[in-house]
Amino acid sequence: MSGIWLPGAALIISIFLTFLFFLKNNSQNEETKIYKYLVIFNLLYSFLGVLGYVVAINFGSIYITGVIQSFYLVVMNIIILLILLYAITISNISPKVEKILKRIFAIFTLIIIAFILALPIDTIITENTLDVNGPAYYAAMVGIITYVPIILIFYIRYIFSKGFNYKKCIPFFVLLIMFIFGLILRRYYPEVITETFIFSFYVLVMYHTIENPDVKMIRELEIAKNEADKANQAKSDFLSSMSHEIRTPLNAIVGLSEDLQEDPNCPESMKEDLSDIVSASETLLEIVGNILDISKIETNNMEINEHIYNYKDEITKLAKLDSTRIGDKDIKLTVDFASDLPYELIGDKVHVKQIVNNLLTNAIKYTDQGYIKLTTKCINDVNNMTTTLYITCEDSGRGIKKENISKLFTKFERLDIEKNSTTEGTGLGLAITKQLVEMMGGNINLSSTFGKGTIFVVKLPQKIKVLTKPEEIVINQNKEEVNYQGHTVLIVDDNKLNIKVAKRCMTSLGFTCSEALSGTDAINLTKNNHYDLILMDIMMPNMSGEECFKIIKEEPNFYSKVIALTADAISGAEDKYRSEGFDEYISKPFTKIDMIDKLKKINFK
Ligand code: ATP
Ligand code: MG
């Protein structure tokens, strides 16, 4: 009975493997399906191997052992067919050919099986050995010997199908080597039956190479990912609503402070405080804006909106505005543009300005004295009407240590905390800048000497709208005076304080103001009165500004200009409101100058 150990071991491996495979929640791809049948037939094969041995040794019945051996050979052929089907499946041939080949081989195996069952079998039982021979055995061998080289061909095809990929061939090569080794062993020790052990070992090795992801784990991961996505979405929603909530009261603070500053009765000492209130509110606004931006970038909601703009004008205005931040520091700020800079570009003006603004405010913040040079050079591709801007911001400030450069673009990372503690900031500016630059197809680099200064260089592709400034003939120049005396405006806002701020601004521009605290009020008012202009707040309870506008614009004699008023500084908002029919869009908080700008833009006269 010494020869039973290997078939016995094979049976144990097969039982173990069957449990292992079926206890797991398996995926349902073609590969796993074939493997499933391999596991089942391998178990049957190992069982028949042991059964034949036990029957032969205990009962010595050649007839019953012969029947078992016939089935044993049948199962062996089915296993080799399954191995071939597996090799065909992974070899990357066209699905149509794959189907035909699989059918042909299945029919061929059926014929072999028919021969095995029909032909006589020679069972050899000696004291130690159980062997098989005869025509049925030769038929079985025809099946095996035909398939081995075919399997090899498909595996070789698989190896070269996606680069050099050999992982899934390992079990087959293990099988081949063990088979040859088994044959040699059998010659010298005929009592050792190796086949079932070799196949079981093959199926065991294969278990580790098939694409059989743990379905349960994937499901759990999917659930966890969905939850994380939901939490992330909730975070973004929270941030955007928080930003809205903060912007609304800030609107009142900025608006009323500006008004008070202009009041001739306001004492000088108070004017200074008021200007501090405005600048602190603006800083707060920037922080809120930054947090909103980073959350938008992280949730892939940041959009790039292209418009025609004059780069030189926009950046000059921006630099002028930023230069007020220098305060009484001894810094010389120069702004320089290449002479071949195109007159008008097409690009995301708002974000280009945001990028330059972040670099410039950093330079101002982190430079105590010396100079800041903002330079823009460009390489124009006139044939394709594109240009690459090279925006350089150089300062003679504190510089950045080499080891800190890699941390610079990480969000919430601020360097030299002790030194920075007196400088405002959240550490988001450069993280946002880098993301924006990359979203627009550019890149950002820097070079810095600690203690001496820093140079940031942004490379930014933009389209060219107009290459050189068209010649302008001025016939008559009038000094423009803004006065909207005699015009009526309806201010629609659910927040009384906001109405108060807007009213002051509009009254100072000469408008006669009416107010509505809800969409319904606005609808009623517009039914009986005509207003030259309507300032429509968007976020209102019960009826949004958009809904209200939809209704009032259906009125037969409606021809008011309507400006959407909102605390959401969402990129793309401008386009959205315009497409809904609003003439303009203004984000709160707004200044008198912002309002004049918008009125000019819509040709309000
Ligand atoms: P925020 O821009 O969000 O208001 P912040 O300016 O601290 O805050 P970043 O603009 O991301 O954040 O800059 C990150 C850090 O890099 C800064 O805290 C500062 O230490 C350093 N840094 C940035 N620009 C310069 C510069 N021109 N010179 C020296 N250090 C700089
Ligand atoms: Mg900054």
Side-chain angles (χ1 to χ4, degrees), residues 239 242-243 246-247 250 279-298 302 315 318-319 321-327 329-336 350-376 390-439 442-458 569:
L239 285 174
M242 187 195 76
S243 134
I246 294 177
R247 280 171 156 292
L250 271 176
S279 98
S281 309
E282 272 160 6
T283 308
L284 186 55
L285 210 60
E286 253 169 45
I287 295 173
V288 173
N290 276 350
I291 293 177
L292 193 65
D293 277 349
I294 203 84
S295 86
K296 263 191 264 166
I297 288 173
E298 282 177 356
M302 183 64 96
I315 299 301
L318 176 79
L321 208 69
D322 281 345
S323 68
T324 55
R325 297 181 185 223
I326 296 176
K329 286 200 274 190
D330 180 19
I331 298 173
K332 188 175 173 227
L333 169 66
T334 49
V335 184
D336 201 21
V350 177
H351 287 143
V352 171
K353 277 168 76 181
Q354 193 176 355
I355 291 164
V356 178
N357 182 50
N358 282 347
L359 296 184
L360 205 54
T361 47
N362 274 354
I364 295 170
K365 270 202 275 185
Y366 305 112
T367 304
D368 295 326
Q369 66 166 52
Y371 63 87
I372 296 169
K373 288 180 197 159
L374 179 70
T375 317
T376 308
Y390 290 86
I391 308 163
T392 318
C393 184
E394 182 180 352
D395 65 55
S396 61
R398 64 173 72 153
I400 299 157
K401 286 183 194 150
K402 253 202 178 95
E403 65 266 28
N404 283 336
I405 287 186
S406 59
K407 299 187 213 158
L408 217 58
F409 298 105
T410 317
K411 60 180 176 174
F412 298 115
E413 189 76 59
R414 304 198 72 212
L415 316 174
D416 297 312
I417 301 296
E418 327 79 64
K419 257 194 186 174
N420 257 347
S421 56
T422 50
T423 326
E424 291 153 349
T426 44
L428 285 174
L430 286 178
I432 295 170
T433 305
K434 187 172 175 3
Q435 298 274 1
L436 287 177
V437 169
E438 285 171 2
M439 277 172 83
N443 58 42
I444 179 165
N445 285 300
L446 74 140
S447 141
S448 186
T449 314
F450 187 60
K452 286 217 165 128
T454 311
I455 310 177
F456 279 92
V457 184
V458 171

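This is a predicted model, so every value here is computed, not measured. Counting starts at 1 for both ligands and their atoms, following the listed order.
- Using a 4.5 Å heavy-atom cutoff, the side chains of Leu446 and Ile400 are in contact.
- Contact atoms of ligand 1 toward Thr454: 28 (N) (distance under 4.0 Å to a heavy atom of the residue).
- Counting atoms of ligand 1 from 1 in the listed order, those under 4.0 Å from a heavy atom of Leu430 are 9 (P), 10 (O), 11 (O), 13 (O), 23 (C).
- Atoms NZ and NZ, on Lys365 and Lys329 in that order, are 10.0 Å from each other to the nearest 0.5 Å.
- Contact annotation: the side chain of Ile315 never approaches that of Ile391 to less than 4.5 Å [non-hydrogen atoms, C-beta and beyond].
- Within the structure, the closest approach of Gly397 to ligand 1 does not fall below 4.0 Å when heavy atoms are considered.
- Note on residues 442-453: pairs passing side-chain hydrogen bond (donor to acceptor under 3.5 Å, both in side chains), not counting sequence neighbours, are Ser448-Thr454.
- When side chains are defined from C-beta on, Phe456 counts as touching Leu430, because their heavy atoms get closer than 4.5 Å.
- Taking the side chain as every heavy atom from C-beta outward, Thr392 and Val458 never approach each other to under 4.5 Å.
- Between atom CG of residue Asp395 and atom CG of residue Asn362 there is a gap of 9.0 Å, rounded to the nearest 0.5 Å.
- For the side-chain contact (heavy atoms from CB on, under 4.5 Å) test with Met302, the passing option among Ile294, Leu292, Ile297 is Ile297; the others fail.
- Leu318 places a side-chain heavy atom less than 4.5 Å from the side chain of Val356.
- Between Ala431 and ligand 1, no pair of N/O atoms sits closer than 3.5 Å.
- The proximity of Thr361 to ligand 1, defined as any non-hydrogen pair under 4.0 Å, does not occur for either the backbone or the side chain.
- The minimum heavy-atom distance between Ala319 and Val335, with the atom names listed, is CB-CG2, 3.6 Å.
- Asn358 does not count as a contact of ligand 1, since none of its heavy atoms falls under 4.0 Å from the ligand.
- Backbone and side-chain nitrogen or oxygen atoms of Leu428 are examined, and one is located within less than 3.5 angstrom of a nitrogen or oxygen of ligand 1.
- At least one N or O atom of Gly427 sits closer than 3.5 Å to an N or O atom of ligand 1.
- Atom OH of residue Tyr371 and atom CD1 of residue Ile331 lie 12.0 Å apart, to the nearest 0.5 angstrom.
- Residue Ile287 does not touch ligand 1, judged by heavy-atom distances below 4.0 Å.
- Ligand 1 has no N or O atom lying under 3.5 Å from any N or O atom of Phe456, backbone or side chain.
- Protein-derived N/O/S atoms nearer than 2.8 Å to the Mg ion (ligand 2) total 1, waters excluded.
- In terms of polar-atom proximity, Lys365 is counted as a contact of ligand 1, with an N or O under 3.5 Å from an N or O of the ligand.
- If you look at Ile400 next to ligand 1, the close heavy atoms, those under 4.0 Å, all belong to the side chain.
- The distance from atom CG of Asp322 to atom OG1 of Thr361, rounded to the nearest 0.5 Å, is 6.0 Å.
- Less than 4.0 angstrom separates some heavy atom of Asn290 from each of these atoms of ligand 1: 3 (O).
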